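This report refers to the structure that appears directly beneath it.
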Amino acid sequence: MKLLDRYIFSEWIKVFVMTLLVTVGILIIADIQDKLSDFTNNKAPVEQIIMYFLIRIPAFLPTIFPIALLISILFSLGSLHKNNEIIAFQTAGLTVNRITRVLWISGMTLASLLFYLNAKVVPWSVEKSRLIENDIEFASEVRKKQEDTNVGIINNLGFRNSKDNRLWIMNRFSQYSYRAFGITVYSLNKEGHEIRRIMAREAKYDDIRKHWTFLDGRELVFSPDGKEMTADRSVPFKELKVQEFSEDPNVMILQSKRPSALSIFEIENIIDSSAGSSDTKLNSYKVYYHRILSTPFVCLVVLAITIPFAITGVRTNPLVGVSKSMGLFAIYYLLASLCDILGERNLLSPLIAAWIPNVTMFFFGVSLYRKMR
């Protein structure tokens with residue numbers, strides 16, 4: 001790395017790291033204010049609480065990286081231009097490409113790092129922190145001497161398995177004991193006609209053998225045209241093991257959560273388990289899935305819309321470049337929100353909805369960049 005690159009990099013990295021630390025600190029404080037009272041009420045151990053908040057940090061980074069990059073470029077280049085250093089570089093015959101080369105390299109490095117975080121670290125952070133939070137809640141309920149079946153209860157849990165054409169309805173489900181109460185499972189054929197129904201007082205999921213066992217219920221079989229068959233095909237049972245019912249209750253629970261609260265692997269599981277479904281609710285998961293995949297590209301969008309104004313907008317007033325860049329960044333997020341809505345309503349495909357804001361703003365920034373070379 002040459003002297004100029006080292007100098008510009010050092011000016012940028014100082015602001016970037018400071019912005020990153022301050023923003024992470026603010027988000028952690030907000031998270032502590034939101035969760036700490038619940039943890040203390042549940043008498044969670046101090047080390048478990050500390051571990052929870054430390055594990056949560058990687059989940060913040062995909063959101064923080066683009067913002068920190070934006071602010072650091074504006075401040076570092078703005079400071080250079082305020083001191084007439086940018087003009088001095090240009091007078092010496094250096095182009096804007098040469099001056100900002102190290103920033104583009106840094107931005108692409110951050111994009112690669114963000115891709116790795118989204119693929120490996122962030123899913124671990126999201127899933128592990130939720131596991132710790134559930135363990136704290138379950139331990140508190142167990143200390144109250146409640147039965148296992150009353151710990152971690154979710155009421156009115158429903159799930160549609162589009163792959164195998166099954167619909168699950170549960171009055172109550174215990175996340176702690178993997179038991180369902182007041183459960184009905186409808187099996188349909190390809191035409192959507194009901195061919196089988198299992199109703200039971202209770203059911204339990206074997207997470208090792210991956211199947212369900214129903215207790216104290218009745219199994220009904222229907223003819224292919226949807227009409228109920230004769231009474232001898234309505235069979236009561238005390239215990240019924242159904243090997244082909246392999247639906248994971250964890251996936252059922254995930255579908256009741258917002259996409260933003262899930263990891264990319266959990267969202268992928270939901271999408272796979274509902275393949276072929278026409279349920280528009282799945283569109284929000286698909287849009288968010290592609291949004292995560294496109295997140296690293298946001299770093300390049302930030303560079304494209306920030307550098308032109310950071311270089312030229314401060315010649316008369318430093319706030320001119322800052323305000324224009326921040327305004328474009330706000331437009332980017334408004335466009336992203338609009339595309340998300342269109343994708344969720346099936347007016348755009350999830351893939352297109354996720355990438356339109358990035359591609360549009362990137363090429364707009366590149367057009368500005370080329371005018372100033």
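What you see is a predicted model; the values in this text were computed from it and never measured.
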Determine whether a donor-acceptor pair (N or O, by modelled atom type, separation under 3.5 Å) exists between the side chain of Arg130 and the backbone of Ala261. yes

To the nearest 0.5 Å, what is the distance between CD1 on Ile198 and OG1 on Thr184? 10.0 Å

Before you tell me yes or no, could you show the steps for Phe173 and Phe181 under ring pair (Phe, Tyr, Trp, His ring centres under 6.0 Å), namely the whole-Å CA-CA distance, both residues' side-chain angles and the distance that decides it to 0.1 Å? CA-CA 6 Å; Phe173 179 78; Phe181 306 93; 8.6 Å; no

How far apart are the closest heavy atoms of Gln175 and Phe138, and which atoms are they? CB-CZ, 3.7 Å

Looking at Ile153, is its backbone amide N or carbonyl O close enough to the side chain of Ser174 to form a donor-acceptor pair, meaning the two atoms are under 3.5 Å apart? no

Could you tell me whether a side-chain N or O of Thr100 sits under 3.5 Å from a main-chain N or O of Leu103, the two making a donor and an acceptor? no

Closer than 3.5 angstrom, by distance alone: can the side chain of Ser337 be matched with the main-chain N or O of Tyr333 as a donor-acceptor pair? yes

Are Ile183 and Asn171 side-chain neighbours, meaning at least one heavy-atom pair lies under 4.5 Å? no

Go through the steps for Ser294 and Arg291 under the test side-chain contact (heavy atoms from CB on, under 4.5 Å), then give the verdict. CA-CA 5 Å; Ser294 68; Arg291 178 70 63 208; 4.2 Å; yes

Do Asp216 and Glu202 come close enough that some side-chain heavy atom pair is under 4.5 Å? no

Kindly determine whether Asn358 and Tyr332 satisfy side-chain hydrogen bond (donor to acceptor under 3.5 Å, both in side chains), including the steps that lead there. CA-CA 8 Å; Asn358 293 329; Tyr332 165 79; 2.5 Å; yes

Would you say Leu351 ends up clustered with Phe297 if hydrophobic residues are merged whenever their side chains have heavy atoms under 4.5 Å apart, either directly or through other cluster members? yes

Looking at His193, is its backbone amide N or carbonyl O close enough to the side chain of Asn189 to form a donor-acceptor pair, meaning the two atoms are under 3.5 Å apart? yes

Under 6.0 Å from the CZ atom of Arg209, do we count more than 12 heavy atoms belonging to anything else shown? no

Distance (rounded to the nearest 0.5 Å) between Phe159 CZ and Asp248 CG: 9.0 Å

Less than 4.5 Å apart, any side-chain heavy atom of Ser140 and any of Lys43? no

Test log, rule side-chain contact (heavy atoms from CB on, under 4.5 Å), inputs Ile267 and Ile292: CA-CA 10 Å; Ile267 294 175; Ile292 293 175; 4.2 Å; yes

For Tyr52, the option from Ile136, Leu36, Asp31 that meets side-chain contact (heavy atoms from CB on, under 4.5 Å): Asp31

Heavy-atom closest pair (Ala336 atom, Pro357 atom, distance to 0.1 Å) is CA-CG, 3.5 Å

Is the shortest distance from a Lys or Arg side-chain nitrogen in Lys286 or Glu344 to a carboxylate oxygen in the other one below 4.0 Å? no

Can you tell if the side chain of Leu282 reaches within under 4.5 Å of the side chain of Gln255, non-hydrogen atoms only? yes

Please give me the minimum heavy-atom distance between Gly152 and Glu141, naming the atom from each residue. N-OE1, 2.7 Å

Does Asp164 form a side-chain hydrogen bond (donor to acceptor under 3.5 Å, both in side chains) with Asn161? I'd like the steps, not just the answer. CA-CA 6 Å; Asp164 300 316; Asn161 180 352; 3.1 Å; yes

Which of Lys128, Lys35, Arg56 passes salt bridge (charged side-chain N to carboxylate O under 4.0 Å, His left out) with Glu133? It is Lys35

Heavy-atom check, side chain of Tyr7 versus side chain of Trp12, under 4.5 Å: no

Run the side-chain contact (heavy atoms from CB on, under 4.5 Å) check on Ile132 and Ile55 step by step: do they pass? CA-CA 10 Å; Ile132 293 176; Ile55 290 175; 3.6 Å; yes

Intermediate values then yes/no, side-chain contact (heavy atoms from CB on, under 4.5 Å), Val122 and Ile264: CA-CA 8 Å; Val122 174; Ile264 188 172; over 6 Å; no

Membership question, hydrophobic clusters at under 4.5 Å side-chain separation (ILVMFWY): are Met108 and Leu114 in the same one? yes

Out of curiosity, Leu110 CG to Leu300 CG, how far, rounded to the nearest 0.5 Å? 9.5 Å

Using the ring of each side chain (for Trp, its six-membered ring), is Tyr205 parallel, tilted or perpendicular to Tyr178, with breaks at 30° and 60°? tilted

Following the transitive rule for hydrophobic clusters with a side-chain heavy-atom cut-off under 4.5 Å over Ile, Leu, Val, Met, Phe, Trp and Tyr, establish whether Ile105 and Ile99 coincide in one cluster. no

Using only atom types and a distance under 3.5 Å, with no angle test, would you say the side chain of Trp355 pairs donor to acceptor with the backbone of Pro350? no

Side chain proximity check, Met361 to Phe329, heavy atoms < 4.5 angstrom: no

Would you say Leu70 ends up clustered with Ile8 if hydrophobic residues are merged whenever their side chains have heavy atoms under 4.5 Å apart, either directly or through other cluster members? yes

Run the numbers on Trp168 and Glu247 for side-chain hydrogen bond (donor to acceptor under 3.5 Å, both in side chains), then give the verdict. CA-CA 10 Å; Trp168 294 68; Glu247 286 88 338; 3.1 Å; yes

Could you measure the distance from the CG atom of Leu342 to the OG atom of Ser349? Nearest 0.5 Å is fine. 11.0 Å

Counting only N and O atoms by type, is there a donor-acceptor contact under 3.5 Å from the side chain of Asp34 to the main-chain atoms of Ala30? no

Please report the interatomic distance CG(Leu61) to OG1(Thr295), rounded to the nearest 0.5 Å. 12.0 Å

Taking Ser367 for the side chain and Phe364 for the main chain, is one N or O donor matched with an acceptor at less than 3.5 Å? yes

Would you call Ile307 and Ile73 a side-chain contact if the rule is heavy atoms closer than 4.5 Å? yes

Residue set satisfying ring pair (Phe, Tyr, Trp, His ring centres under 6.0 Å) with Tyr186, at least two apart, ordered chain then number -> none

Residue of the set Lys163, Arg196, Arg166 for which salt bridge (charged side-chain N to carboxylate O under 4.0 Å, His left out) holds with Glu244: Arg196

Is it true that Leu335 and Leu347 fall in one hydrophobic cluster, defined by side-chain heavy atoms closer than 4.5 Å? no

Tell me whether Thr360 contacts the main-chain N or O of Ile356 through its side chain, where contact means a donor paired with an acceptor under 3.5 Å. yes

Taking all non-hydrogen atoms of both residues into account, name the closest pair between Val126 and Leu262 and its distance. CG1-C, 3.8 Å

Within the supplied structure, the quantity of interest is the number of heavy atoms (other residues, nucleotides, ligands) at a distance under 6.0 Å from Phe115 CZ; does it exceed 12? no

Over 12 non-hydrogen atoms of neighbours within 6.0 angstrom of CZ in Phe363: no

Answer yes or no: are there more than 12 heavy-atom neighbours, outside Phe75 itself, under 6.0 Å from its atom CZ? no

Can you measure from CG (Asn283) to CD1 (Ile341) and round to the nearest 0.5 angstrom? 13.5 Å

With the side chain counted from C-beta on, respond yes when Leu69 and Phe65 share a heavy-atom pair under 4.5 Å apart, and no when they do not. no

Please answer whether the main-chain N or O of Leu303 pairs with a side-chain N or O of Thr306 as donor and acceptor at a distance below 3.5 Å. no

Between Lys241 and Glu219, is a salt bridge (charged side-chain N to carboxylate O under 4.0 Å, His left out) present by the stated rule, with each step listed? CA-CA 12 Å; Lys241 292 183 179 180; Glu219 180 182 18; over 6 Å; no

